[in-house]
Protein chains: 2
Amino acid sequence: MKRITIKELAERLGLSPSTVSRALAGDRNIRRETRERVSRLAGELGYRPNPVAVNLRSGRSNTVGVIVPEMVTPFAATVIGGIQRVLYGRGLKVIIAQSDENPQTECGNLELMERFMVDGVIACPCDATRNGEIYRRIRQRGVPLVFYDRAPLRVDASRVIVDDFATSYFLMEHLVRRGCRRIVHLGGPAHIPNARERLRGFRYALGKFGFVSDGRSVIPAGVTFDDGRAAADELLRRMPDADGLFAWTDTVAIGAMNRLRELGIRVPAQMAVAGYSGTVLSTIVNPQLTTVEQPLDEMGCRAAELILEKIADPSAPDRTVTLTACIRERASTAR
Amino acid sequence: MKRITIKELAERLGLSPSTVSRALAGDRNIRRETRERVSRLAGELGYRPNPVAVNLRSGRSNTVGVIVPEMVTPFAATVIGGIQRVLYGRGLKVIIAQSDENPQTECGNLELMERFMVDGVIACPCDATRNGEIYRRIRQRGVPLVFYDRAPLRVDASRVIVDDFATSYFLMEHLVRRGCRRIVHLGGPAHIPNARERLRGFRYALGKFGFVSDGRSVIPAGVTFDDGRAAADELLRRMPDADGLFAWTDTVAIGAMNRLRELGIRVPAQMAVAGYSGTVLSTIVNPQLTTVEQPLDEMGCRAAELILEKIADPSAPDRTVTLTACIRERASTAR
DNA sequence: GTGAAAGCGCTAACAC
DNA sequence: GTGTTAGCGCTTTCAC
């Protein structure tokens, strides 16, 4: 079952390939009757343009590369869903690569995308201080670039983000309203700007509410469930009388909460726990987790739209889209 | 920063494009010195073959389509990780599409893959009784096809699966060993063969251990967390004295377990709960879930290898790879 | 050992 | 309004 080509249509219709091509493209210089004959036969024979040929001709690959730090949590999966809906709808291919939170793997993924000659890259980097060189090179080559969620420092590109600072502050406000007075922050790696912004929101809130902000109130945590567990141990060591916990991601919050409960701490009665991300994970743990719910699907859509804009007109200015997240109050802080 | 082409290399070296092409391909008919000159300059200028041109020439897209039912749980993400590692390593592109457990969306995804002219399809169908037609058509066109985890009925293709029947039996054995005597099964939709096999394993175990298997002991559940919650309600209505629960997936098990605990049932003391899938989800819930851990990354690798085999030689026979899963005993059945 | 030429499927500039 | 021609970048006869 061979694929049918324009040439074949042309032969059968006694026309030239170019006429057929024009007819299919809806060229107005083609007699209406011819156009109809062409599209009828094309329909009958199930003609489909060969995308590879189109690409070679146009110098495009019609492909967008998406680089995600991980896919274990539904975070990336949801964003990707939004991206795919928009790009598949426009006939573009989407190629995904996972960096496993490892800058070197991310580097390899970027090379992969260059090899594949993608028309644009949507990325969420593992580490804002690494690979900046490569991202800049990609941009320099004129490849459209959009960051979502996280963005590296000193790389010009469009980005889709959430106001981490303000939202963290609001989350803290919620904890205080729930009676927390000794709140601890499980902060993320310094090389992730979002982590810094959330920390800033935390600190600002402490000041605003007149709480002491000594060295003890911020505990460094990583990105995994186990990192959260370890941070919980550290928390109890440092500040056993804490009554509130704000973790920089749901993953860390869940790890910490589970560990606390293992150690007999009652959540939320003894310690309220809040996270940040808003995937379905926060609803399957016990108790359900209060969290900042980001509009992940929309984040994907917007990123896709930004990349389309850039692909259509590479000289379009970089844009930053800031989405608003909302706070989902659940059992882990209900007291 | 234009991409450098073979023609350009040829001009600079005073050679013909064909010679350069041959030299790069390592043709033995090229003088060693020429070959070296060519590859040196290619290296210096950072020459990269244009994959689109290669594809047009070879009639291949060098792309494999992967169709997953969902990506909310880490199940698909892990399998995809294995697939990507193998295929990216071989220079193939991987395109993923999510069906959202909806056969119609799946159908659209298959059309998408045909449009993209993928060289092969790796799929996990939502519904074994639907879209069979399309899968058969794809195969008929000579497009290599591999199923993983789930496979539709009456479609010839290679597949990578787990022995659901035997593993379910072993899981039941574990529950019985833990003292369960009135075990209920939360079964999946009839249109998913794995669900039927797991049910069969459940029934076989009941008989083997001399338990009654009346109509009450199987409760139909769907595929989501909420389906699991609803099934838990039904369970308590039908058989309030049940002491063990075997759900056909972790998702359903987690939904059910959370609901049971909300209703004051103690897990595992009052009711042991076991699932099936083995993603990280089972370790973040409370109590941690006993489950059948499938080798998901390997499942992806094997699927990728099977598709490569078929792409290399389309007349290669279909093969079924059966992987062995192992039982992870955790707190949800510890008693 | 190397070059010239053709062609993968498509489109667009240039004829008429 | 339609046909002819050329070319996207690459490989592969076929010549010499």
Side-chain angles (χ1 to χ4, degrees), chain A residues 1-39 41-42 45-63 91 93 114-119 141-142, chain B residues 1-39 41-42 45-63 91 93 114-119 141-142:
Chain A
M1 176 116 171
K2 232 183 53 217
R3 234 178 133 98
I4 193 135
T5 70
I6 279 198
K7 207 168 115 191
E8 227 167 303
L9 287 180
E11 274 167 17
R12 297 210 193 207
L13 290 165
L15 291 170
S16 80
S18 35
T19 307
V20 175
S21 171
R22 280 188 277 244
L24 291 169
D27 190 319
R28 314 193 40 71
N29 281 344
I30 299 290
R31 214 188 331 156
R32 162 190 291 266
E33 190 213 319
T34 312
R35 219 174 352 179
E36 281 169 359
R37 280 207 308 147
V38 170
S39 49
L41 187 66
L45 299 185
Y47 166 78
R48 303 247 141 227
N50 179 332
V52 178
V54 174
N55 292 345
L56 180 59
R57 186 78 242 273
S58 64
R60 294 232 183 113
S61 62
N62 263 297
T63 304
K93 290 187 277 273
E114 293 197 78
R115 273 226 313 278
F116 288 158
M117 295 216 317
V118 296
D119 296 335
R141 291 201 183 171
Chain B
M1 175 116 170
K2 233 182 54 218
R3 239 181 130 97
I4 193 134
T5 70
I6 279 198
K7 208 168 113 190
E8 228 167 303
L9 288 181
E11 273 168 18
R12 296 208 193 210
L13 291 164
L15 291 170
S16 80
S18 30
T19 306
V20 174
S21 170
R22 280 188 277 241
L24 290 170
D27 190 318
R28 315 196 40 71
N29 280 345
I30 300 289
R31 210 186 338 153
R32 162 190 289 263
E33 191 213 319
T34 313
R35 216 171 357 175
E36 281 169 0
R37 279 207 310 148
V38 170
S39 48
L41 188 66
L45 300 184
Y47 166 77
R48 303 247 141 226
N50 179 331
V52 179
V54 174
N55 293 346
L56 180 59
R57 185 79 239 278
S58 64
R60 294 230 183 117
S61 62
N62 262 297
T63 303
K93 289 186 277 274
E114 293 198 78
R115 273 227 312 279
F116 288 157
M117 295 217 316
V118 297
D119 296 334
R141 292 201 181 169

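- With a 4.5 Å cut-off on side-chain heavy atoms, Arg37(B) and Leu15(B) count as touching.
- Atom pair Met117(B):CE and dC10(C):C1' shows a separation of 12 Å (rounding to whole Å applied).
- Checking Ile30(B) against Arg57(B), the closest nucleotide of DNA chain C that is more toward the 5' end is the one next to Ile30(B).
- When the nearest nucleotides of DNA chain D are assigned to Pro17(A) and Arg28(A) by heavy-atom distance, the more 5′-ward of the two goes with Arg28(A).
- For the pair Glu8(B)/Leu45(B), no side-chain contact is recorded, criterion being any heavy-atom separation below 4.5 Å from C-beta on.
- Between the CG atom of Leu9(A) and the C1' atom of dT11(C) there is a distance of 15 Å, rounded to whole Å.
- The closest side-chain heavy-atom distance from Ile6(B) to Tyr47(B) is below 4.5 Å.
- Between the CG atom of Asn55(B) and the P atom of dT11(D) there is a distance of 11 Å, rounded to whole Å.
- When the side-chain nitrogen and oxygen atoms of Ser18(A) are compared with OP1 and OP2 of dT2(D), none of them lie within a distance under 4.0 Å.
- Asn29(A) comes within 4.0 angstrom of a nucleotide base, judged by non-hydrogen atoms across all strands.
- As judged by a 4.0 angstrom heavy-atom cut-off over every strand, Ile6(A) is placed among residues touching the sugar-phosphate backbone only.
- Checked by distance alone, Arg22(B) brings a side-chain donor or acceptor within 3.5 Å of a matching partner on the base of dG3(C).
- Closest approach of Pro49(B) and Val54(B) over heavy atoms only: CB-CG2, 4.4 Å.
- Between Leu56(B) and Asp27(B), the residue whose closest nucleotide on DNA chain C is further toward the 5' end is Asp27(B).
- Contact check, Thr34(A) against dT2(D): a side-chain N or O comes under 4.0 Å of OP1 or OP2.
- One interatomic measurement links the two molecules: CD of Glu11(A) to C1' of dG3(D), which rounds to 15 Å at whole-angstrom precision.
- At dG9(C), none of the side-chain N or O atoms of Tyr47(A) fall inside 4.0 Å of OP1 or OP2 (strictly under the cut-off).
- Between Glu8(B) atom CD and dC8(D) atom C1' there is a gap of 14 Å when expressed in whole angstrom units.
- The side chain of Ser16(B) places no N or O atom within less than 4.0 Å of a non-bridging phosphate oxygen (OP1 or OP2) of dA4(C).
- At dG9(C), none of the side-chain N or O atoms of Thr5(A) fall inside 4.0 Å of OP1 or OP2 (strictly under the cut-off).
- Whole-Å rounding puts the Lys7(A) NZ to dG3(D) P distance at 16 Å.
- Each of dG1(C), dC8(D), dC10(C) was ranked by its minimum atom distance to the side chain of Arg31(B); first place goes to dG1(C).
- Rounded to an integer number of Å, the gap from Asn62(A) CG to dT11(C) P is 12 Å.
- One can place CZ of Arg37(B) at 12 Å from C1' of dT2(C), the figure rounded to the nearest angstrom.
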Quick one: do Lys7(B) and Glu11(B) satisfy salt bridge (charged side-chain N to carboxylate O under 4.0 Å, His left out)? Show the steps, please.
CA-CA 6 Å; Lys7(B) 208 168 113 190; Glu11(B) 273 168 18; 5.3 Å; no
